[in-house]
Colleague: 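Structure in structure tokens, see below.
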There are 2 protein chains.
Amino acid sequence: MKLDTAANILAKIGNPTRLRIVRLLVRAGDEGLPVGMIQKKLKIPGSTLTHHITHLKSAGVIRQERQQATLICKMEFEVLRNLVDYLTEECCADIDAREDAA
Amino acid sequence: MKLDTAANILAKIGNPTRLRIVRLLVRAGDEGLPVGMIQKKLKIPGSTLTHHITHLKSAGVIRQERQQATLICKMEFEVLRNLVDYLTEECCADIDAREDAA
DNA sequence: TTATTATTTCGATAATTCTAGAAATATAGT
DNA sequence: ACTATATTTCTAGAATTATCGAAATAATAA
């Protein structure tokens, strides 16, 4: 994963409202949740919710699938996994091969 | 970990410059890196670097320890671990105990 | 005490992001 | 076609954040 990609995802889920959405969807698993259900749980205006969903989609954190009149939001679990890996990978890699030159 | 705490950390490390700092410090392990070394690697003005370091410190992501004239930045690995746990915990918890009521 | 290196504080500007009301669009049922 | 429900687009103001030069402070050495 590229640094800018990771930073973008982190910035998106770093908003409290969006993190709440992500947590709901993580808990919901592969079945996801309809936008309307998320709105009921979060109690925020639809336009604000759409704004945040747009951000999460653009970062690839979630996707939407239509089921008749309602849109289901689903977590992209693989993206989340990759992000977590990115944050911890190469931990302490420079301890032995210490490069003290700039 | 509280949601707002996690969101704050995520927002901080969601900045590309700060994520670069974090990655350097993760690789550096418990010995950390001096501010000046980070500056050389990132090639950014000192004031900008201080700005970002201040953010990372305020979120508890890193700490600083003085060694003579230089300040060493060190990753708070436990905080990072807790964050990663927070992002993945209770995954799919609502799949069985599905609560379709708002 | 003067000089040198290391790092931060101050201050100002540019850019981005959050929030939400009003209007628009999409889907399905009657 | 009309209605109801679901969701998004448009728009704009408020708030937050990023950036960096100049000046200030901290630690050490001469």
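Numbered from 1 within each chain, the chains take letters A, B, ... in sequence-line order.
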Colleague: Which nucleotide span of DNA chain D, 5' end to 3' end, has atoms closer than 4.0 Å to non-hydrogen atoms of chain A?
Modeller: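 Counting from the 5' end, contacts occupy dA6(D) to dT9(D).
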Colleague: Indicate the atoms forming the closest heavy-atom contact of L19(B) with A7(A), along with that distance.
Modeller: CD2-N, 3.6 Å
Colleague: Classify H51(B) by what it touches in the nucleic acid, base, sugar-phosphate, or nothing, heavy-atom distance under 4.0 Å.
Modeller: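 Contact class for H51(B): base.
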Colleague: Could you check how far NE2 of H52(A) sits from P of dT17(C), rounded to whole Å?
Modeller: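 That distance rounds to 12 Å.
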Colleague: Give the minimum heavy-atom separation between G60(A) and V79(A), together with the two atoms involved.
Modeller: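 So the two residues come closest at O-CG2, 3.3 Å.
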Colleague: For E65(B), is there an ion pair with R63(B) - N to carboxylate O distance below 4.0 angstrom?
Modeller: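 Judged by the 4.0 Å cut-off on N to carboxylate O distance, R63(B) and E65(B) do form a salt bridge.
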Colleague: Is there a salt bridge (charged side-chain N to carboxylate O under 4.0 Å, His left out) between E89(A) and R23(B) once you walk through the steps?
Modeller: CA-CA 9 Å; E89(A) 84 186 353; R23(B) 299 262 304 167; 3.5 Å; yes
Colleague: By a strict heavy-atom criterion of less than 4.0 Å, which residues belonging to residues 7-17 of chain A are in contact with DNA chain C?
Modeller: N15(A), T17(A)
Colleague: According to a strict under-4.0 Å criterion, is R18(A) in side-chain N/O contact with OP1 or OP2 of dC18(C)?
Modeller: yes
Colleague: Along nucleotides 2-8 of chain C, 5' to 3', which nucleotides get a B, which get an S, and which get a -, given that the test is a protein heavy-atom distance under 4.0 Å?
Modeller: ----SSB
Colleague: Quick check against the 3.5 Å criterion: does T54(B) have a side-chain atom that pairs as donor or acceptor with the backbone of T50(B)?
Modeller: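 Here the side-chain-to-backbone pair exists.
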Colleague: Looking only at the side chains, is there a donor atom on one of Q64(B) and K57(B) sitting less than 3.5 Å from an acceptor on the other?
Modeller: yes
Colleague: Which residues pass the salt bridge (Lys or Arg N to Asp or Glu O under 4.0 Å) test with E90(A), not counting sequence neighbours?
Modeller: R27(B)
Colleague: Say whether, by atom type as modelled, one donor and one acceptor occur between the side chain of T88(A) and the main chain of V84(A) under 3.5 angstrom.
Modeller: yes
Colleague: Between side-chain atoms of residues 8-17 of chain A and protein atoms elsewhere (two or more places apart, or another chain), which donor-acceptor pairs fall under 3.5 Å?
Modeller:
{"from": "K12(A)", "atom 1": "NZ", "to": "H55(A)", "atom 2": "ND1", "distance (Å)": "2.7"}
{"from": "N15(A)", "atom 1": "OD1", "to": "T17(A)", "atom 2": "N", "distance (Å)": "2.9"}
{"from": "N15(A)", "atom 1": "OD1", "to": "R18(A)", "atom 2": "N", "distance (Å)": "3.1"}

Colleague: My understanding is that only residues two or more places apart in sequence, or in another chain, count here; which of them pass salt bridge (Lys or Arg N to Asp or Glu O under 4.0 Å) with R20(A)?
Modeller: none
